Amino acid sequence: MGSWCIHHASCMFRSSLAAKLPKMPSPKKADSRNHRSLLLINIGQLLTLRQPKEHRGPRRGRGLQELGILEDAAVLCADGKIVSVGKTREMLRDRGFKKNPGQVLEIDCQRQVVLPGFVDSHTHPAFIHPRLSDFEQRISGATYEEIAEAGGGIRSSVDAVRRASQPELREMILAGFRQMNEQGTTTIEAKSGYGLTVESELKSLAAIRDAAADWPGTVISTLLGAHVVPKEFQGRSSEYVGLVCTEMIPQAAKQKLAEFVDVFTDRGAFSLEDTERIFRAAEASGLGVRAHVGQMSATPLEPLLCFHPASFDHLDHVNEQDIGKLAGHNTIATLVPGANYFLGVEKFPPARQLIDAGVAVALATDYNPGSSPTPSMPFVLSLACTHMKMLPAEAIAAATINGAWALGLGNRKGSVEAGKDADLAVFEIQDYRELPYWFASSRCTFTVLNGLVLTDAGSSRWE
Ligand SMILES: [Zn+2]
């Protein structure tokens, strides 16, 4: 166990690099104790990602390298929001704290690196089992598509989700949220997509809502009824798309269970025409849209841009004309190199080409049981650097501020600026470049989620 001790207005934490990460048994949703002030001091490097108001919007090109680093920094938070950011010395001089020191929880960050909590803008946590036989078959040489044709793949996760109760699903989803949080993630986009019936897709979304209610971070829900055509609709995909459009989408919207609708648009999944139909239905129900595109083959993107998707995800295959078009839009290109790593494919998404053309790029885990069972944004950052030639600074901006824009949260999340949500991740490193450098390593010492500090005691501690 770590050695958290909180005395009135100060908190020391573990400094051993080898120390195990804190476990978080059952953090409760922020309660009234959360509405007190929190002051983080002695931050070695604070990556603010701040941006002048006139340049608000997703980061592109060289803008991705601007981390707005402040050394010897401090951050003051209150009521779940960031109140001010500055030098430790100046913040401590502020008379307000001296008058009422007991009202402020002060945490000495011991010169560690602090950044905005990661925004993981693409995850599939609503599943029951890991897909271990797919894993073995792939090691023995079967491709993703061959495994799917033989009854594995996405469809093999469906039976268990259909049978599962909503509380069982909620447990699995919550476990996923906690693991992501242990790696520095404070905002998560969570998709349904392993039920593929009206009832089990709505059950998955309701389970996401239930898990989110027990986790102090921020969750954005996405209906992915169009993940794959279920076996009972084999050869009748148009009918299944009809079900997604006329039942799933309107019901999810009516019950306020989803903010976005996603489609797996690719060879072996849904066509461009199917996707347009689904996007029109989402628009009619007032939901935002996003799509999995270009994982197996290049999908023409231009016809979909008129729907203003929040993001196009994967983009392993994308043609040059579409890259040019994307650069002129606010649609984020969300790259998920964990899937490339886990599927053992040599080709990774062309991040350099996208960034150099001016496309706004984000990074996400694609946490799912088939192709990317990792909750770790730091590992994804490492892959982005080593396999997609993104600089550490670009990877960090892609995983924070651009992830926030990919969820329509750019004005609330993704940077450490006064007025934004108090979402922070503290890492036991001295230089931000160590984040992707120590790959497959757990160095997140603690996070702040909407102003709530999680300690290894398992809950918020405000004394
Ligand atoms: Zn995905």
Side-chain angles (χ1 to χ4, degrees), residues 58 64 118-127 131 134 138 144 153-154 157 176 179-180 183-185 187-191 193-194 220 222 224 227-228 260 262-266 269 290-299 301 309-318 323 326 331-355 359-390 394-400 402-407 436 439-440:
L64 268 174
F118 291 124
V119 178
D120 193 345
S121 58
H122 182 146
T123 84
H124 303 252
F127 63 88
R131 292 222 297 266
D134 289 14
R138 200 163 38 244
Y144 184 86
I154 294 164
S157 290
Q179 286 176 37
M180 294 179 216
Q183 305 282 339
T185 298
T187 299
I188 297 167
E189 184 260 9
K191 305 176 198 291
Y194 296 112
I220 299 291
T222 297
L224 179 56
H227 200 180
V228 72
F260 287 98
D262 195 345
V263 182
F264 192 178
T265 310
D266 215 319
R290 53 202 320 116
H292 287 64
V293 295
Q295 186 181 7
M296 259 79 75
S297 58
T299 314
L301 302 180
S311 72
F312 284 139
D313 302 42
H314 283 280
L315 292 165
D316 299 62
H317 303 271
V318 53
I323 291 179
L326 259 182
T331 299
I332 307 288
T334 302
L335 311 181
V336 290
N340 302 67
Y341 163 80
F342 192 72
L343 296 175
V345 295
E346 274 168 36
K347 187 178 162 15
F348 277 69
R352 263 301 22 114
Q353 209 186 335
L354 290 161
I355 292 168
V359 176
V361 165
L363 289 168
T365 59
D366 193 12
Y367 175 77
N368 79 75
S371 61
S372 190
T374 179
S376 174
M377 286 296 277
F379 179 56
V380 168
L381 265 63
S382 193
L383 287 175
C385 294
T386 58
H387 287 63
M388 305 198 299
K389 306 302 171 206
M390 287 174 72
E394 292 175 323
I396 290 169
T400 53
N402 276 10
W405 284 111
L407 299 181
F439 77 97

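Numbering of residues begins at 1 and proceeds along the displayed sequence. On a predicted model such as this, the values are computed, not experimentally measured, just so you know.
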For residues [X] and [Y], report the shortest heavy-atom separation together with the two atoms involved.
X    : Y    : result
P125 : A190 : CG-CB, 3.7 Å
A339 : S372 : N-OG, 3.6 Å
V361 : I332 : C-CG2, 4.2 Å
G370 : F342 : O-CE2, 3.5 Å
P436 : S382 : O-OG, 2.7 Å
T334 : S121 : CG2-OG, 3.7 Å

Side-chain heavy atoms of [X] within contact of [Y], under 4.5 Å:
X    : Y    : result
V318 : Q353 : no
M180 : F118 : no
H124 : H227 : yes
Q183 : P378 : yes
I323 : L315 : no
T185 : T365 : no
F312 : L301 : yes

Within the distance-only criterion (no hydrogens, no angle test), does the side chain of [X] pair as donor or acceptor with the backbone N or O of [Y] below 3.5 angstrom?
X    : Y    : result
D366 : V336 : no
N368 : S371 : yes
T331 : P309 : yes
N402 : L363 : no
E189 : T123 : yes
T299 : G294 : yes

How long is the span from the [atom1] atom in [X] to the [atom2] atom in [Y], to the nearest 0.5 Å?
X    : Y    : atom1 : atom2 : value
L335 : I355 : CG    : CD1   : 7.5 Å
M388 : L381 : CE    : CG    : 9.5 Å
I220 : D120 : CD1   : CG    : 12.5 Å
Q295 : H317 : CD    : NE2   : 8.5 Å
F348 : K389 : CZ    : NZ    : 10.0 Å

- Would you sort out whether K347 and N340 count as a side-chain contact (heavy atoms from CB on, under 4.5 Å), showing the intermediate values? CA-CA 7 Å; K347 187 178 162 15; N340 302 67; 5.6 Å; no

- Message: Evaluate R131 against R138 for side-chain contact (heavy atoms from CB on, under 4.5 Å), listing each step before the verdict.
- Response: CA-CA 11 Å; R131 292 222 297 266; R138 200 163 38 244; over 6 Å; no

- Item | Any residue meeting ring pair (Phe, Tyr, Trp, His ring centres under 6.0 Å) with Y367, in chain and number order, not counting sequence neighbours | F127

- Query: Residues two or more places apart in sequence or in another chain: which of them pass ring pair (Phe, Tyr, Trp, His ring centres under 6.0 Å) with F260?
  - Reply: none

- Item | Test item: side-chain donor near acceptor, H122 and H292, under 3.5 Å | yes

- Message: Could you work out, with side-chain hydrogen bond (donor to acceptor under 3.5 Å, both in side chains) as the rule, every residue matching S311, not counting sequence neighbours?
- Response: R290, D313

- Step through the shown structure and confirm whether more than 12 heavy atoms of other residues, nucleotides or ligands are within 6.0 Å of OH on Y341. no

